[in-house]
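In what follows, a structure is listed as structure tokens, so that the remarks can point back to it.
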Amino acid sequence: MLRPRSLRLRLTLAFALVAALVIVTAAVLLNRQMRISTWAAIDAALLEEADLLATLPHGIDRATAVAQIARERDLGPGKFVLMLDENGTVRAEAGPVPRLLRTTLPRRQSVTRALRVRGQLRGMRLVRRDTAQGTLVLGVDAGRPIAALRAIRRRIVAGAAAVFVALVSLMWGVTTRATRELRRLAEEIEAIEASTLARRLVRRDTLEVDGLVVVLNRLLGRLDAAVNHLRRFTADAAHELRTPVAALRATLEVALGRQQPAAWREGLLDGLEQAERLGRLSEDLLALSAVEAGVLDAGREPVRLDILVGEVLREMEVIAAEQQRPFRWDVGAEVWVTGVPSFLRRVIVNLVDNAFRHTPARSAVHVDVVSDNGWVRVVVDDEGPGIADEDRPRVFERFARGRGTSSPGTGLGLALSREIAERHRGQLDIDSQEGRGTRAVLALPVVARARAGG
């Protein structure tokens with residue numbers, strides 16, 4: 001069975017079903033109550049007269065009393081009274097007594113009650129009263145009450161139908177107005193394109209639709225920021241890639257134009273350096289893309305950070321020795337974190353490599369791993385010139401490099417490192433003062449050894 005796709009139609013149909021159920025139930029109960037009220041009044045009057053005849057004192061002519069009661073027309077025309085003795089013989093009667101009544105009377109009973117009359121006696125209202133002297137039957141033509149009840153029933157049906165149509169029409173109008181806001185909102189959203197993401201949807205008067213507008217405006221804000229970020233990133237990446245490629249091409253052209261083998265070697269070494277820079281830039285771009293794609297969320301595992309940092313620093317000792325640089329490090333006690341080992345290693349390498357590249361060869365670099373209050377901190381201190389005041393706010397921006405620097409870095413190292421730290425529920429901070437060195441602190445939450453599986 002196909003369901004309607006229109007929200008307005010679904011809401012109206014659901015409301016119509018509920019309204020029909022309620023209205024039909026109310027109409028049935030009202031009709032039943034009217035029937036009960038009408039017949040109860042007639043039955044009570046007839047039973048009262050039957051009790052009166054049954055309790056007549058001795059000396060009063062029963063035939064006269066029967067005739068007098070039968071002549072009363074307060075309950076309508078066709079009223080009759082039939083009085084039988086114990087043997088079923090008629091003692092007195094008055095009014096149009098139906099012939100079939102004598103044969104259809106049930107057996108004697110000890111209580112006064114109204115008779116349920118069917119067949120040829122239908123359309124009459126009867127009561128009987130059984131006494132020690134015999135049986136009393138009183139009746140009246142029920143045509144007028146039946147006609148009145150039928151008229152009332154028709155009015156109830158007509159009123160119920162009118163109320164149902166009015167309620168459904170009202171519901172259709174309400175849902176039309178409500179969905180009109182949604183249609184206008186959809187048209188407004190459809191008009192927004194990638195070039196107009198800065199636009200915001202107009203607030204609405206309806207609370208629910210206005211709440212949706214607020215959420216959509218937040219989403220548009222995030223999309224606008226993401227698209228602008230992507231545009232800047234693409235432009236910066238193209239610019240950064242253009243520089244080493246142009247330098248490599250120029251170097252090779254100059255080297256090819258020279259005749260001396262020594263000049264060739266110098267040009268090739270310069271080209272090799274530019275190619276290495278391109279390789280580092282490509283690796284950083286791929287790593288950043290992987291981080292933003294959520295690779296870190298799927299590849300987490302227990303990592304013993306003190307061992308990982310020790311492995312990285314032993315490799316960096318070779319570079320420090322070549323530079324004749326004082327290099328001291330202490331990884332401290334056993335400590336576990338949860339993360340991706342390859343990316344954590346990349347952060348440590350970036351921090352130490354930055355300290356090596358941005359300080360003079362003889363400047364000391366110290367690395368310490370400290371644990372306290374559920375956190376482990378990898379602290380990299382150098383005794384270099386520090387970061388200039390104008391460059392300090394930009395250290396974590398992508399492709400940002402210090403002004404006047406001759407460093408062959410890609411400008412992505414710190415930005416990538418902070419992104420990795422935050423994806424590991426940690427943080428990366430840089431504290432530097434010009435002329436007093438720089439301190440980089442990577443903080444990560446510690447996990448218990450049992451949780452780490454160790």
Side-chain angles (χ1 to χ4, degrees), residues 23-162:
I23 292 173
V24 169
T25 302
V28 170
L29 292 177
L30 179 60
N31 180 67
R32 183 172 180 272
Q33 187 60 38
M34 293 298 300
R35 287 174 57 85
I36 292 175
S37 299
T38 300
W39 297 128
I42 296 176
D43 292 343
L46 291 176
L47 288 173
E48 183 180 0
E49 293 174 347
D51 289 339
L52 178 63
L53 290 175
T55 57
L56 286 175
H58 294 287
I60 296 179
D61 186 10
R62 296 183 181 276
T64 302
V66 166
Q68 182 178 353
I69 291 178
R71 284 195 297 270
E72 296 177 355
R73 293 291 181 265
D74 55 333
L75 298 180
K79 188 175 182 182
F80 68 89
V81 181
L82 176 64
M83 181 179 292
L84 305 175
D85 60 14
E86 296 178 353
N87 299 322
T89 304
V90 177
R91 296 176 56 188
E93 65 176 303
V97 179
R99 293 183 178 181
L100 294 176
L101 184 60
R102 298 178 179 85
T103 61
T104 57
L105 281 176
R107 62 183 180 179
R108 290 168 54 84
Q109 302 201 1
S110 59
V111 295
T112 302
R113 66 187 184 92
L115 298 176
R116 293 185 178 181
V117 184
R118 295 180 177 88
Q120 297 185 32
L121 293 179
R122 191 172 184 178
M124 303 193 70
R125 197 66 182 176
L126 309 177
V127 298
R128 67 178 288 169
R129 179 75 159 82
D130 295 320
T131 66
Q133 293 78 22
T135 299
L136 281 169
V137 179
L138 282 79
V140 68
D141 185 2
R144 187 169 63 183
I146 291 175
L149 287 175
R150 287 175 179 172
I152 293 174
R153 188 184 302 116
R154 287 193 295 268
R155 294 189 183 97
I156 291 175
V157 171

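Quantities reported herein were computed from a predicted structural model and do not represent experimental measurements.
Pairing each heavy atom of Ala92 with each of Ala63, the nearest pair is CB-CA, 4.1 Å. In terms of heavy atoms, Leu84 sits closest to Arg91 at C-CD, 4.0 Å. Contact between Leu136 and Ala50 at its shortest, heavy atoms only, is CD1-O, 3.5 Å. The two residues Thr135 and Asp130 have their closest heavy-atom pair at OG1-OD1, 3.1 Å. The minimum heavy-atom distance between Ala70 and Phe80, with the atom names listed, is CB-CA, 4.5 Å.
From Met34, atom CE reaches atom CD1 of Ile152 across 3.5 Å, with rounding to the nearest 0.5 Å. Annotation: the span from Gln68 atom CD to Leu53 atom CG amounts to 9.5 Å, rounded to 0.5 Å. To the nearest 0.5 Å, the span separating CG on Asn31 from CD1 on Ile36 amounts to 10.0 Å.
Leu82 has its side chain within reach of Val90: a pair of non-hydrogen atoms, C-beta onward, lies under 4.5 Å apart. Counting heavy atoms from C-beta outward, Arg128 and Leu126 have side chains that stay 4.5 Å or more apart.
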request  = Given side chain to side chain contact (heavy atoms under 4.5 Å, CB included), test Arg125 with Asp43 step by step and report yes or no.
outcome  = CA-CA 8 Å; Arg125 197 66 182 176; Asp43 292 343; 2.7 Å; yes

Test side chain to side chain contact (heavy atoms under 4.5 Å, CB included) applied to Lys79 and Asp74, step by step = CA-CA 10 Å; Lys79 188 175 182 182; Asp74 55 333; 4.1 Å; yes

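Taking a 6.0 Å sphere around CD of Glu48, one finds it holds 12 or fewer heavy atoms contributed by other residues, nucleotides or ligands.
Scanning for side-chain contact (heavy atoms from CB on, under 4.5 Å) contacts around Leu75 gives Ala45, Leu46, Val140, with sequence neighbours left out. In terms of the side-chain contact (heavy atoms from CB on, under 4.5 Å) criterion, Ala161 has no residue partners (sequence neighbours excluded).
Applying the salt bridge (Lys or Arg N to Asp or Glu O under 4.0 Å) rule to pairs touching residues 136-153 yields nothing, sequence neighbours excluded.
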